[in-house]
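Every chain is numbered from 1 and lettered A, B, ... according to where its sequence line falls, protein lines coming before strand lines.
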Amino acid sequence: MSDRFTELTIDGVRRVFGEQVALRGMDLTIKGGEFVALLGPSGCGKSTALNCLAGLLPLSGGRILVDGERIDQLPPEKRGFGMVFQNYALFPHMSVRRNIAFGLAMRKVAKAEQARRVEEALRLVQLGAHADKFPGQLSGGQQQRVAIARAVVMEPPLVLMDEPLSNLDASLRLEMRSEIRRLHQSLGLTTVYVTHDQEEALALADRLVVMRDGEVQQVGTPQEVYAQPVNRHVAGFMGYRNLLPAVVTATDGEHVTVTAEGVALTGVNRNGPSSGEAVVAVRPEDFAVLAPSAPPQADELRAEVEIVEYHGREQAVEARLPGGRAVHLRTTERLAPGDAVRLRVPVERVLVFAP
Amino acid sequence: MTATATTTSATPALRHRLAERGVDRLLLLLVPGTVFIALLFLYPFLYGLQLSFQPNTGGPLANYERFFTDAYLRDTIWITLRLGLPAALFNVLASIPIAYRMRGKFRGKRLITTILVVPITLGTVLTAEGLIEYLSPVGWFNKILLGLGLVDEPVRLVHNYWGVLFSLIITGFPFAFLLTLSYLSGIDPSLERAAATLGASPRQRFRHIVMPLLAPGLAVTFCLSFVLAFSVFPSAIMVGEPQGSTHVISIAAYNTAFRDFDYPMGSAVAMIMAVVMLLVIGLVLLWRTTLYRGATGGKG
């Protein structure tokens, strides 16, 4: 099973926990060597999908095929996929070296070959100096590296990672993120990576799978998903923090004009309706703050600054619209609570979705 | 300036200063109880110890000499070990597979646990009655064996070694089972899942992951089960042969102290009993120090 595959197919995979549907018919094709991130809020089914792939959860329906061969009936130990767990799941009674060698020992790889590959994996994750320590003596980042080494030492056809960075502090998380990317580039192992952090997913993956409520919402390259979210949920997850209810007044090809918060806005029609209710999505960084002296604009939003967070070069500002709704913006202008601001968004930066 | 500084940085509250030294004043409430328990245990122990060195006749060690020269007394050590060790070992070993299968969540877990634990609440007398009813020469078990023609005459299973062993297993198992189950639930289930993704079969997962992490707990379970079994008394009389094959050490202690009214001798027997138990526990705990005893990653 440890040959590399050219294509892994997830075909209508369903998983039901009692009354609760965790995964409703997931379809996805993963090509050999690809780094795919499953992204979504907690409870969206991404971890369920990963566990189904690993064989740790039986499917309620559907099939998983590797190069046309069904593997969804195989127990995890027969699939030969490597997995990195959120809590690392290192064997506490074994040294780092034995942890990494465990998979090789189970597969009855010759002792000399075992030692050679463990040394190689230790070098890869830069843990040579800690090889004889026990997991309890290592820091979180080091444990994380052992967990990765243990999974990749088998050179598995597929590596599964379940939120591997979520237990690390911010700076270590960035460091390990680069490490994972570097490992993927040097080993070329097909990887499925589960995360709820869009930044992590964008940074690491060749392809993103955005999920919600057990359904795949969008599959695409980071650029596609970031710039062209297919619906308001994906948009909300991709940093379109301002989602304002609106009513469509006119459509013109790919553009649509709506009334939101009493202001007529024109934006790009994503999957918006030709009439009736819609949702306008705007990223905080796309708001331009108009100078007080600027002439009035038809499509400007007026708001009162409520909260200002200092972020160095920029400020994150929460401002209240006259209708009572809050908008979030990022700006280099120095604003203070109580200031009246006039905001404008370029047409291409306004996305209109179905509600 | 300095004046204000000193007044504001007044000495912190006593509670904080004690907490800094790791003293929790509320825990001091436990002191009277602890002293009481210590005295309750220590006083009779020390009293018995000194009493055992004041035999009715002979020198300070005469009681011990008598114990080890009188075969009827000396053999009680072996008789009791022969009951206590297999009973404790069986209970621990039998509890492993059952607790292992029951470590997860499943329907009916509570019911099965209750049924397995009920014998603890029965008490030895009820268990003994049940055993006699069931296993005696005219009990159901022998009737079935005779009826099926498997044996020509009733098998003797009570009022001998076996009766006592069965009784020890029935009353001791729930205890061992509960302890083993709690040790098992302390092992992080994701360790087994990780081992599975690394290619370990269920048997290999049990051998390489579960057993090494469970073994220290099993050692403690064995010690406690053994102590319970070694002090067997009522069942050795009711379903055993108290003057012969199940003349256990606690019967010897009882008889010398309360039948022959030789308190010093009774104390000596009790001391020997304690030493044998401590020896066995010491050996098991010594073996335990050779095992991994750190965190097992779970909620335990």
Side-chain angles (χ1 to χ4, degrees), chain A residues 1-2 17-18 47 50-51 53-57 74-95 98-109 133-138 143 146-154 156-162 164, chain B residues 96 99-101 103-110 180 182-221 284-300:
Chain A
M1 249 336 287
S2 66
F17 294 101
S47 289
L50 199 76
N51 282 307
L53 269 176
L56 295 171
L57 273 181
L74 292 177
E77 63 267 23
K78 298 257 166 65
R79 296 195 190 188
F81 297 163
M83 182 147 174
V84 179
F85 291 78
Q86 187 171 7
N87 66 353
Y88 318 139
L90 299 179
F91 308 132
H93 58 299
M94 296 183 190
S95 66
R98 278 192 59 211
N99 260 282
I100 297 175
F102 186 81
L104 300 168
M106 291 302 110
R107 294 252 152 76
K108 309 252 186 309
V109 173
K133 288 190 182 168
F134 282 79
Q137 298 167 292
L138 302 178
Q143 293 187 27
V146 178
I148 292 174
R150 190 177 66 175
V152 302
V153 73
M154 313 287 299
L158 182 66
V159 180
L160 305 164
M161 297 198 182
D162 188 5
Chain B
I96 299 171
Y100 185 62
R101 287 312 295 185
R103 71 201 186 288
K105 283 194 193 121
F106 60 90
R107 197 176 299 200
K109 177 173 181 170
R110 189 184 297 230
T180 307
S182 82
Y183 278 115
L184 264 173
S185 341
I187 299 174
D188 180 359
S190 71
L191 297 180
E192 273 185 82
R193 288 149 52 95
T197 63
L198 290 166
S201 65
R203 185 185 296 261
Q204 288 173 315
R205 301 204 282 271
F206 183 77
R207 185 170 149 221
H208 296 289
I209 309 298
V210 177
M211 265 322 267
L213 294 174
L214 183 62
L218 291 182
V220 173
T221 309
V284 174
L285 294 184
L286 196 68
W287 169 72
R288 186 174 176 269
T289 57
T290 64
L291 305 171
Y292 169 82
R293 282 162 300 146
T296 49
K299 57 192 157 128

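Classified by interplanar angle (parallel below 30°, tilted 30° to 60°, perpendicular above 60°), the ring pair B:His208/A:Phe102 is perpendicular.
When the salt bridge (Lys or Arg N to Asp or Glu O under 4.0 Å) test is applied to B:Arg193, no partner is found at least two apart in sequence or on another chain. Listed by chain and residue number, A:Leu90, A:Asn99 satisfy the side-chain contact (heavy atoms from CB on, under 4.5 Å) test with A:Pro135 (two or more places apart in sequence, or in another chain). A:Arg98 meets the salt bridge (Lys or Arg N to Asp or Glu O under 4.0 Å) test with no other residue; sequence neighbours excluded.
For chain B, the option among A:Gln86, A:Arg150, A:Met94 with the highest count of heavy-atom pairs below 4.5 Å is A:Arg150. Top candidate by heavy-atom pairs under 4.5 Å with chain B, chosen from A:Val84, A:Leu160, A:Leu56, is A:Leu56.
Residues of residues 214-221 of chain B placed with any heavy atom under 4.5 Å of a heavy atom in chain A are absent; none qualify.
Smallest separation of non-hydrogen atoms from A:His93 and B:Pro212: CD2-CB, 3.4 Å. Closest of all the heavy-atom pairs between A:Glu77 and B:Ala200 is CB-O, 3.5 Å.
With a 4.5 angstrom heavy-atom cutoff, B:Arg205 touches chain A only via side-chain atoms. Contacts between B:Leu213 and chain A at a heavy-atom distance below 4.5 Å involve the side chain alone, from C-beta outward.
Atom CG of B:Leu191 is separated from atom CG of A:Asn87 by 7.5 Å, given to the nearest 0.5 angstrom.
Between A:Met106 and B:Ser201, every side-chain heavy-atom pair lies at or beyond the 4.5 Å cut-off. Side-chain contact between A:Phe91 and B:Leu198: present, with at least one pair of heavy atoms (C-beta onward) separated by less than 4.5 Å.
Enclosure of atom CZ in B:Arg293 by more than 12 non-hydrogen atoms of other residues, nucleotides or ligands within 6.0 angstrom is indicated.
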